[in-house]
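Report on the structure given below.
Computed from a predicted model, the values in this text were never measured in an experiment. Below, chain A is the first sequence line, B the second, and so on; all start at residue 1.
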Protein chains: 2
Amino acid sequence: MPEKDDFVLQDFLPFLLNRAAEESSLAFQSYYKNRYGMLRNEWRVLFHLGTYGTMTAKDIGQRAKIHKTKISRAVAKLTERRFITRSRDENDRRSEHLQLTPAGEAAYRDLRGQAASYDKQLASRFSAEEEKVLRRMLRQLACIEP
Amino acid sequence: MPEKDDFVLQDFLPFLLNRAAEESSLAFQSYYKNRYGMLRNEWRVLFHLGTYGTMTAKDIGQRAKIHKTKISRAVAKLTERRFITRSRDENDRRSEHLQLTPAGEAAYRDLRGQAASYDKQLASRFSAEEEKVLRRMLRQLACIEP
DNA sequence: GGGTAATAGTTGTTTTTGTAACTAACAAGG
DNA sequence: CCTTGTTAGTTACAAAAACAACTATTACCC
């Protein structure tokens, strides 16, 4: 009787996903780290502001599923480095609208270009069709709408 | 002239992979954390020993691509909790052979079962074919041989 | 209005990582 | 042997994450 024993760690999805995520982030991570001294959360906040324009910390947190304390600290760093400015909402003085400064815009454009070509390079291992399917499946797993 | 501006964060592979990895680890993580007070690296070490039998810290590190300091700490915790035993290699007294105790075996079997059914549940969102393709692509991205 | 609850964001403290330097054991060449 | 280099694993210290408690403001509703 053969054991029904076909489960291996190398195939465990959370493990695979973690390893793939780590491996695929490496090169890009060292780019924004070396070039701008940014941390991952800072890059993410910057990227959101560049992509979607003015947002509040809460907006960013919701969209990227980053905890508010991480956002708070990333925003503090980015402000200190003059990459973003903050202004209170006059209707609800609890929240602040964040937006990129020209320097922030410049960094964003650079990083965005890097990210785009890096992404293309990663995806080049697959066919166009496979790539599309991969992204769809990942969005599914990540609970990201469409 | 439309801008060639089709790059969005939500589709950036490192971002997608990270989010998918985090999301998909959540439930399982809280299982081994609540049930055994384990950290991720401890679960991974335990799992490797359960799957492959006796190994050295180095073996585990190579196979799972975990840094030796993480392994060292995980091994210390697991030893302290009597899940594994260590014995010096008599031919090369620098390295130690690690193996599960009966308690470690029991935890391993439980966690392994959990992992298997959790994995199945994650994969159930996809067709069998899609699932196979997904794992293959992830192994590719994670730089894991076949 | 006045009290209670909820929300946006921050700060402080504890865990966990990351990195580098360290010990102990082996290897190899002279 | 004995110096130099390498390897397995540990430890110490700095950086970052997690978690809880906090301030300030707004919302609810009796």
Side-chain angles (χ1 to χ4, degrees), chain A residues 18-19 21-23 25-27 29-30 32-34 36-46 48-49 54-81 84-99, chain B residues 18-19 21-23 25-27 29-30 32-34 36-46 48-49 54-81 84-99:
Chain A
N18 262 293
R19 296 267 307 104
E22 243 169 74
E23 197 67 41
S25 305
L26 262 178
Q29 186 160 20
S30 73
Y32 61 69
K33 187 175 169 187
N34 294 333
Y36 297 100
M38 278 188 201
L39 257 30
R40 189 190 343 207
N41 290 323
E42 292 158 31
W43 135 256
R44 284 182 176 173
V45 166
L46 184 95
H48 273 77
L49 293 174
T54 300
M55 302 176 85
T56 69
K58 179 175 191 196
D59 296 337
I60 299 174
Q62 282 184 325
R63 198 179 283 265
K65 296 217 178 131
I66 303 177
H67 194 267
K68 59 183 181 173
T69 61
K70 287 186 193 173
I71 308 255
S72 176
R73 278 157 178 152
V75 165
K77 267 278 168 59
L78 289 169
T79 305
E80 180 184 305
R81 285 176 195 165
I84 68 181
T85 56
R86 349 168 63 163
S87 60
R88 287 238 165 263
D89 180 332
E90 282 310 319
N91 293 335
D92 182 347
R93 300 184 43 71
R94 285 172 302 184
S95 56
E96 288 184 313
H97 298 286
L98 308 169
Q99 80 180 345
Chain B
N18 262 295
R19 295 268 309 102
E22 243 168 74
E23 198 68 42
S25 305
L26 263 178
Q29 186 160 21
S30 73
Y32 60 68
K33 188 176 169 188
N34 294 334
Y36 298 100
M38 278 189 202
L39 256 29
R40 185 180 359 197
N41 291 322
E42 292 159 31
W43 134 256
R44 284 180 175 174
V45 166
L46 185 94
H48 273 77
L49 292 175
T54 300
M55 301 176 86
T56 68
K58 181 177 190 195
D59 295 337
I60 299 175
Q62 282 184 326
R63 199 180 283 266
K65 296 217 179 132
I66 304 177
H67 193 268
K68 59 183 181 172
T69 62
K70 288 188 192 169
I71 307 254
S72 176
R73 280 157 180 157
V75 166
K77 268 277 168 60
L78 289 170
T79 305
E80 181 184 304
R81 285 174 197 168
I84 67 182
T85 56
R86 348 168 63 164
S87 61
R88 288 238 166 261
D89 180 333
E90 282 309 318
N91 293 333
D92 181 348
R93 301 183 43 72
R94 285 171 304 184
S95 54
E96 289 185 313
H97 298 285
L98 308 169
Q99 80 181 343

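As rounded to whole Å, 18 Å separates atom P of C:dT7 from atom CZ of A:Arg88. Separating the CZ atom of A:Arg40 from the P atom of D:dA15 is a distance of 18 Å, rounded to the nearest angstrom. C:dG9 atom C1' lies 15 Å from atom CD1 of A:Ile66, rounded to whole Å. Residue B:Leu39 contributes atom CG, which lies 16 Å from atom P of D:dA17 at whole-angstrom precision. Spacing between atom CZ of B:Arg94 and atom C1' of C:dC22 amounts to 16 Å, rounded to whole angstrom units. Atom-to-atom, NZ of A:Lys58 to P of C:dT10 comes out at 14 Å; the value is rounded to the nearest Å. Rounded to an integer number of Å, the gap from A:Asn18 CG to C:dT17 P is 12 Å. Rounded to whole Å, atom C1' of C:dT19 lies 14 Å from atom CD of A:Gln29.
Residue B:Ser95 is the one, among A:Lys33 and B:Ser95, whose nearest nucleotide of DNA chain D lies closer to the 5' end (criterion: closest heavy atom).
Nearest heavy atoms, B:Met38 versus B:Leu78: CE-CD2, 4.2 Å.
In this structure A:Arg19 satisfies the side chain to side chain contact (heavy atoms under 4.5 Å, CB included) test together with A:Phe15, A:Glu23, B:Lys65, B:Ala142, B:Ile144, sequence neighbours excluded. For A:Ile66, the side chain to side chain contact (heavy atoms under 4.5 Å, CB included) criterion is met by A:Asn41, A:Arg44, A:Ala64, A:Lys70, A:Ile71, not counting sequence neighbours.
Of the side-chain N and O atoms in A:Lys70, none sit less than 4.0 angstrom from OP1 or OP2 of D:dA16.
Between the side chain of A:Arg88 and the main chain of A:Arg94, a donor-acceptor pair closer than 3.5 Å is present.
Backbone-only engagement by B:Asn91 is indicated by non-hydrogen atom pairs under 4.0 Å involving sugar-phosphate atoms exclusively.
Residue-to-nucleotide contacts include no donor-acceptor pair under 3.5 Å from the side chain of A:Arg93 to the base of D:dT25.
Annotation: side chain of A:Glu96 is not in contact with side chain of A:Val75 (no heavy-atom distance under 4.5 Å). Using a 4.5 Å heavy-atom threshold, the side chains of B:Gln99 and B:Leu49 count as separate. Within the 4.5 Å cutoff, side-chain heavy atoms of B:Ile60 are placed close to those of B:Leu98.
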Identify the pairs formed between an N or O of the protein and an N or O of nucleotides 10-12 of chain D at a distance under 3.5 Å, and give each distance.
{"unit_1": "D:dT10", "atom_1": "OP1", "unit_2": "B:Arg86", "atom_2": "NH2", "d": "2.5"}
{"unit_1": "D:dT10", "atom_1": "OP2", "unit_2": "B:Ser72", "atom_2": "OG", "d": "2.7"}
{"unit_1": "D:dT10", "atom_1": "O5'", "unit_2": "B:Ser72", "atom_2": "OG", "d": "3.4"}
{"unit_1": "D:dA12", "atom_1": "N6", "unit_2": "B:Arg73", "atom_2": "NH2", "d": "2.6"}

